[in-house]
Amino acid sequence: MIFGTIRGLWEWRMVFVMEERKEAQNTPENSAGSQQRAGRFEEVLMREAHELLEKHQYQTAANIFQDILKRFGVALEDAQKSLLNSELGTVLYWLGDYEAGKRHCEGALAYGDNDQAYSILGKIAVAQFQFPKARGYFSKIDPKNPARPLGMCLVSIKLRDTVGAEAFLREASAKTSSTDPEFRTYQAYFDLLKGNSKHAVASSRELVKKCERDPALLLILAEIFMMAGNYGEATTLADKVGARCPENDHVFAVKAHAAFADEDYAAADAHAREAVRLNPLNAYAKTVLIKLATRDGSYTVAESISHQILSDSPEYSLAHANLGDVYFNQNRYELAQIEYEQSLQLMNADTKGAQLRKARMKFIAGDYHAAADILEELIEHHHTYYDDAMCDLALCYDTLGDEEKKSVVVDKMQFRRSFYHRTEKILQSFNA
């Protein structure tokens, strides 16, 4: 029983036991009072559950919600059962138990429309990279409810679609306060995708305390930190959520990306595999596995993972982009171009990865000067795509016959050759 582990509820359990003994007498008075007592106990437990949520004790709160449904379900009104199921579905979503979360949200909908249930079902679909299904759930939310455009915005930012994100943020702004934490979190992500990383990071730091109660929003903030190059902050925030929700797969996915960017490849691999173990559909974690395989020169493995992601989530632009990288590194430029073009159709963000792929498109088209211009800016600061940008820039200068600039880049590459299969291979080709 969960009551033995919850402070303040033990005496309530004892009262409940005594009341049950009175009811065993089956007197008319006791029979008439049974419904009232059920309501009283349910209210006490609901208050305790929400107090636990404020303390970030999500699993214990979930246990209480489940116990209320089990003990008092028959006596509860349909509206109460709908609320309990949607609340429980929300907490289970935070904990990373998506299948159970879906069951309870669907249970809530058995009693009629419930915007919270539709919203959580949509967010679970996003977590499982099932974007058409997510849109379907969000579209069922009352058009007057800001949760509807905010849910659609979440889909857009996960797909790196800034046009869609901007439109849905505009719609949401007419229905909710500009200080709403979820609205501001998605606005910060949008700013990041538009290339304004400094503002996105500043906003995210301010939002951490405001999003304390929602682990999903904290993980989006961690993702912003990671993409902006603040790997330590990303990992710290992910660990904070992980302490409260130890089986939330996105905790490990964010840590995997941060570890990869920080060049701790063993940790990146371990975190990514744990994320996929917890959620086999976590495409964000799988892109780390693609990057690791590509870095080792295991292109067949990288290609296989990419195709697996696209089979499950055809819209996921990062999978197309990473598959394009696999082909580009093998000089299979026609195939790389197909994937990059597909990625550009789906994604219109101005991130470091997007800049690298724009340069590669220029390279494939034979516009080496334009490619070099982009790549020269990319290697000014160390980041996830630094080694690839150096390799590509060296190839541009080599093709252009600019030995002086090529020599400068090669000198930088010499210090990095042990980090990357491709760097070593290109340096060897120059020395051949």
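Please read all numbers here as calculations on a predicted model, not as lab measurements. One is the number of the first residue; the rest follow in order along the sequence.
- Judged purely by atom type and a 3.5 angstrom limit, Asp115 has no side-chain atom pairing as donor or acceptor with the backbone of Ala147.
- Using a 3.5 Å distance cut-off with no hydrogens or angles, the side chains of Ser82 and Asn114 do pair a donor with an acceptor.
- For the pair Leu109 and Leu121, the minimum side-chain heavy-atom distance is below 4.5 Å.
- Side chain to side chain, Glu424 and Gln428 meet the donor-acceptor criterion of an N or O pair below 3.5 Å.
- The backbone N or O of Ala172 lies less than 3.5 Å from no partner atom in the side chain of Thr176, so there is not a single donor-acceptor pair.
- A distance-only check finds no donor-acceptor pair linking the side chain of Ser304 to the backbone of Thr300 [under 3.5 Å].
- Asn230 places no side-chain N or O within donor-acceptor distance of the main-chain N or O of Glu233, the cut-off being under 3.5 Å.
- Atoms CG and OH, from Leu323 and Tyr340 in turn, are 9.0 Å apart once rounded to the nearest 0.5 Å.
- Glu377 pairs by the side-chain hydrogen bond (donor to acceptor under 3.5 Å, both in side chains) definition with nothing, not counting sequence neighbours.
- The CG atom of Asp387 sits 11.0 Å away from atom CG of Asp392, with the distance rounded to the nearest 0.5 Å.
- Taking CD of Gln116 as the start and CG of Asn85 as the end, the distance is 10.5 Å to the nearest 0.5 Å.
- What you find for Leu393 and Leu375 is that their closest heavy atoms are N-CD1, 3.6 Å.
- Checked by atom type, the side-chain pair Glu334/Tyr327 shows no donor-acceptor distance below 3.5 Å.
- Side-chain atoms of Glu223 and His257 include no donor-acceptor pair closer than 3.5 Å.
- The nearest pair of heavy atoms linking Ser197 to Ala228 is CB-CB, 4.2 Å.
- Ile120 and Gly89 get closest at one heavy-atom pair: CG2-O, 3.7 Å.
- Annotation: cation-pi geometry not satisfied between Lys286 and Phe129 (NZ/CZ under 6.0 angstrom from ring centroid, within 45° of ring axis).
- Using modelled atom types, one side-chain atom of Asp142 and one backbone atom of Lys144 make a donor-acceptor pair closer than 3.5 Å.
- Aromatic ring centres of Tyr265 and Phe260: separated by under 6.0 Å.
- We find the CG-CD1 distance between Asn322 and Ile309 to be 7.5 Å, quoted to the nearest 0.5 Å.
- Side-chain contact, Ser298 with His421: no donor N or O sits under 3.5 Å from an acceptor N or O.
- Glu376 has its side chain within reach of Lys405: a pair of non-hydrogen atoms, C-beta onward, lies under 4.5 Å apart.
- Side chain of Asn248 to main chain of Trp94: a donor-acceptor pair is present (N/O by atom type, distance under 3.5 Å, no hydrogens or angles).
- Across all non-hydrogen atoms, the minimal contact from Gly122 to Ala134 is O-CB, 3.5 Å.
- Of the inter-residue distances, the one linking Ser204 atom OG with Arg184 atom CZ reads 9.0 Å to the nearest 0.5 angstrom.
- In summary, the side chains of Gln187 and Asp191 do present a donor paired with an acceptor at a separation below 3.5 Å, with no hydrogens or angles considered.
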### Task
Please lay out, stage by stage, how Glu339 and Arg357 fare under the test side chain to side chain contact (heavy atoms under 4.5 Å, CB included).
CA-CA 10 Å; Glu339 296 302 328; Arg357 281 134 198 160; over 6 Å; no
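- The main-chain N or O of Val326 is found under 3.5 Å from a side-chain atom of Gln330 such that the two form a donor-acceptor pair.
- One distance of note links NE2 of His271 with OG1 of Thr235; it measures 7.0 Å at 0.5 Å rounding.
- A side-chain N or O of Tyr118 and one of Asp113 form a donor-acceptor pair less than 3.5 Å apart.
- Taking the ring centroids of Tyr186 and Phe168, they lie at or beyond the 6.0 Å cut-off.
- The heavy-atom pair separating Met226 from Val254 by the smallest distance is CG-O, 4.3 Å.
- In this structure a side-chain-to-backbone donor-acceptor pair under 3.5 Å is missing from Ser313 to Leu310.
- Nearest heavy-atom pair, Leu237 versus Ala222, reported as atom, atom and distance to 0.1 Å: CD2-N, 3.6 Å.
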### Task
Run the numbers on Arg277 and Glu247 for salt bridge (charged side-chain N to carboxylate O under 4.0 Å, His left out), then give the verdict.
CA-CA 10 Å; Arg277 184 188 72 80; Glu247 295 196 347; 5.2 Å; no
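- Side-chain N/O atoms of Lys291 and Tyr385 include a donor and acceptor closer than 3.5 Å.
- A centroid separation of less than 6.0 Å is found between the aromatic rings of Tyr333 and Phe328.
- None of Lys123, Lys133, Lys102 except one satisfies the side chain to side chain donor-acceptor pair (under 3.5 Å) rule with Gln128; the exception is Lys102.
- Panel note: side chain Ser139, backbone Gly136; a donor-acceptor pair is recorded below 3.5 Å.
- Using a distance-only test at 3.5 Å, with no hydrogens or angles considered, a donor-acceptor pair links the side chain of His320 to the main chain of Pro314.
- Counted by atom type alone, Tyr58 and Arg213 present zero donor-acceptor pairs between their side chains at under 3.5 Å.
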